[in-house]
Amino acid sequence: MRVALLQMTSSDIPSDNLAVASAMLRQAKSEGAEFAFLPEVMNCLSTSRRHQKEVLQLEEDDETLPALAALCAELGIWLLIGSLGLKTNDPDGRFANRSFVISDAGEIVARYDKIHMFDVDVSPEETYRESEGYRPGETAVVAETPFGKIGMTICYDVRFGALHRALAQAGAQILTVPAAFSHVTGAAHWETLLRARAIETGCFVIAPAQTGTHPSGQGHSRRTHGHSMVVAPWGEVLVDAGVETGVTVVDVDLSLVQKARRQVPALQHDREFNGP
C-alpha cells in the first residue's frame with residue numbers, strides 16, 4: 001500500500017484550499033499513491049467564528065467534499081479528508097469537525113466527528129476553546145477499505161488512548177490522526193503521542209498535518225506544527241514530512257500489524273481492576 005501525506009498550510013478561504021488540495025492529490029497519484037491523506041480542517045483554518053459562519057456550509061451544500069470525491073473517481077485514488085469544518089443544524093449554531101474516507105469511485109465510505117474538543121490554556125498568549133465553536137462527536141468509527149480497517153480520529157483525540165485501543169480492538173489496523181497541532185504542544189508531544197498510539201495498539205498511525213503560519217484576512221494568525229508522520233506498529237517513524245508544505249509518499253506493509261501483535265499481544269491482555 002503506497003500512501004501519500006498531503007501537508008498543507010490552509011488559509012481561511014475554502015476555494016483556495018480546495019485548489020491546493022486538488023493539485024496535491026494529482027501529484028500523489030502521479031507518484032503512485034493508492035491512498036492519500038489530508039489534514040484537519042483543510043477547507044478553512046480560522047480563529048474567527050464570524051468568518052467561519054460566513055464561509056462554512058452544511059455538508060449537503062459544501063463545495064469541497066463533492067469536488068474532492070469527483071477527483072478521487074477521476075484519478076482512481078482513495079482519500080482521507082482529515083476533516084472539514086461544516087455547519088450543522090444544532091440550535092446552538094456550533095460546527096462539526098468531520099473526517100471522511102472517500103473511495104476510488106468517489107463514494108463516501110465513512111464519516112467521523114471529532115470527539116474530544118481542544119479546550120486548553122497552553123500559555124497566557126495561546127488559549128483554545130474548540131468547544132465554543134464545534135460540537136463534539138459521540139461515536140467511534142472504523143472504516144472498511146480494501147487496504148484494511150481504518151480507525152478514524154482527529155488531532156486532540158490522540159491524547160486519549162482508550163479511544164485508539166477501542167478502535168484497534170474493533171479491528172482497526174490503521175489509525176488516522178489528521179491534525180492542526182499547536183506549534184507549542186506539537187514540538188513537545190506530537191511524535192511521542194503518535195508513537196505511543198502505534199505501540200500500544202499494534203497499528204500503523206497515519207497523521208497528515210497542517211503546518212506553518214496560516215494566512216487570514218481576519219487579522220488572527222495561527223501557527224501549526226507540521227511534521228506529518230507515518231508510524232509503524234513497532235513504533236518506528238517511517239516518514240516525517242518536516243515543516244514544508246507538499247506531498248510525501250511512503251510504502252506501508254500491513255503484514256507488520258500482525259507481526260507486532262504476535263510479538264506483544266497486549267490487545268488480548270486487558271483485565272478488569274478495582275479502584276482507585
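These numbers were taken from a predicted model, which means no experiment stands behind them.
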Legend entry - More than 12 heavy atoms from other groups under 6.0 Å of CD on E60: yes
Inset, instruction - Taking all heavy atoms of E200 and all of G161, pick out the closest pair and write down the distance. - result: OE2-CA, 3.8 Å
Inset, instruction - Carefully, step by step, assess V177 and D157 under the rule side-chain contact (heavy atoms from CB on, under 4.5 Å). - result: CA-CA 8 Å; V177 190; D157 284 334; over 6 Å; no
Legend entry - Where L25 and C72 come nearest, the two heavy atoms and their spacing: CD2-SG, 4.2 Å
Inset, instruction - Answer with yes or no whether the hydrophobic clustering places V120 together with V184; edges join I, L, V, M, F, W, Y residues whose side-chain heavy atoms lie under 4.5 Å apart. - result: yes
Inset, instruction - For residues R129 and D121, determine if any side-chain heavy atom of one lies less than 4.5 Å from a side-chain heavy atom of the other. - result: yes
Inset, instruction - Using modelled atom types only, decide if a donor and an acceptor are shared between the side chain of R195 and the backbone of V231 within a distance under 3.5 Å. - result: no
Legend entry - Separation of Q173 CD from F204 CZ (nearest 0.5 Å): 10.0 Å
Legend entry - Ion pair check, D61 and K87, cut-off under 4.0 Å: no
Legend entry - From CA spacing to verdict: side-chain contact (heavy atoms from CB on, under 4.5 Å), V158, T153: CA-CA 7 Å; V158 76; T153 77; 5.6 Å; no
Legend entry - Note, V41 side chain near Y134 side chain (heavy atom, < 4.5 Å): yes
Inset, instruction - Determine whether I102 and V109 fall in the same hydrophobic cluster, where Ile, Leu, Val, Met, Phe, Trp and Tyr are linked whenever their side-chain heavy atoms lie under 4.5 Å apart. - result: no
Inset, instruction - Check step by step if side-chain contact (heavy atoms from CB on, under 4.5 Å) holds for I174 and V252. - result: CA-CA 10 Å; I174 298 166; V252 168; 5.6 Å; no
Inset, instruction - Indicate yes or no for a side-chain donor-acceptor contact from K29 to the backbone of L75 under 3.5 Å, with no hydrogens or angles considered. - result: yes
Legend entry - Main-chain N/O of A180 paired with R222 side-chain donor or acceptor, under 3.5 Å: yes
Inset, instruction - Spell out, yes or no, whether V247 and M8 are grouped together once hydrophobic residues are joined by side-chain heavy atoms under 4.5 Å, including indirect joins. - result: yes
Inset, instruction - Hey, could you give me the CD/OH distance between E130 and Y156, rounded to the nearest 0.5 Å? - result: 9.5 Å
Legend entry - CG on L79 to CG on L6, rounded to 0.5 Å: 7.0 Å
Legend entry - R261 atom CZ, neighbour heavy-atom count above 12 within 6.0 Å: yes
Inset, instruction - Check the hydrophobic clustering (I, L, V, M, F, W, Y; side-chain heavy atoms under 4.5 Å; chains of links allowed) and say if L80 and L163 are grouped together. - result: yes
Inset, instruction - Could you tell me whether E74 and R26 have a side-chain N and a carboxylate O separated by less than 4.0 Å? - result: yes
Inset, instruction - Would you indicate whether the side-chain heavy atoms of H227 and E191 approach each other to under 4.5 Å? - result: no
Inset, instruction - Look at the side chain of S228 and the backbone N and O of A209, then say whether any donor-acceptor pair between them is shorter than 3.5 Å. - result: yes
Inset, instruction - Could you check Q169 against D270 for side-chain contact (heavy atoms from CB on, under 4.5 Å), going step by step and ending with a plain yes or no? - result: CA-CA 11 Å; Q169 290 179 326; D270 289 282; 2.5 Å; yes
Legend entry - Any donor-acceptor N/O pair, H51 side chain to D12 backbone, under 3.5 Å: yes
Inset, instruction - Using a 4.5 Å cut-off on heavy atoms from C-beta on, say whether the side chain of F100 contacts that of L84. - result: yes
Legend entry - Carboxylate-amine/guanidinium contact R98 E59, below 4.0 Å: yes
Inset, instruction - Check whether any side-chain heavy atom of S131 sits under 4.5 Å from a side-chain heavy atom of R94, and report yes or no. - result: yes
Inset, instruction - Would you give the length of the straight line joining atom CG of L175 to atom CZ of R165, rounded to the nearest 0.5 angstrom? - result: 12.0 Å
Inset, instruction - First locate atom OG of S182, then atom CH2 of W190, and finally report the distance between them rounded to the nearest 0.5 Å. - result: 11.5 Å
Legend entry - Distance in Å, L256 CG paired with C203 SG, rounded so as to fall on 0.5 Å steps: 12.5 Å
Legend entry - Short N-O contact, R2 and D251, less than 4.0 angstrom: yes
Inset, instruction - Please confirm whether the backbone N or O of G82 pairs with a side-chain atom of E40, one donor and one acceptor, at under 3.5 Å? - result: no
Inset, instruction - May I ask you to test the M42-V20 pair for a side-chain heavy-atom distance under 4.5 Å? - result: no
Inset, instruction - Grab the two heavy atoms, one from L56 and one from L86, that are nearest each other, plus how far apart they are. - result: CD1-N, 4.2 Å
Inset, instruction - May I ask you to test the S11-N17 pair for a side-chain heavy-atom distance under 4.5 Å? - result: yes
Legend entry - Side-chain heavy-atom pair N43, S10 within 4.5 angstrom cut-off: no
Legend entry - Least distance between heavy atoms, F95 atom then T88 atom: C-CG2, 3.8 Å
Inset, instruction - Say whether, by atom type as modelled, one donor and one acceptor occur between the side chain of D90 and the main chain of D92 under 3.5 angstrom. - result: no
Inset, instruction - Taking T211 for its side chain and V243 for its backbone only, find out whether a donor-acceptor pair lies under 3.5 Å. - result: yes
Inset, instruction - Using atom types as modelled and distance alone, determine if a side-chain donor or acceptor of N97 lies under 3.5 Å from a backbone N or O of S83. - result: no
Legend entry - T224 (side chain) donor-acceptor with Q210 (main chain) under 3.5 angstrom: yes
Legend entry - Distance-minimising heavy-atom pair for L167 and A140: CD2-CB, 4.0 Å
Inset, instruction - Indicate if L38 and L45 have the same hydrophobic cluster label, given that clusters are the connected sets of ILVMFWY residues with side-chain heavy-atom separations under 4.5 angstrom. - result: no
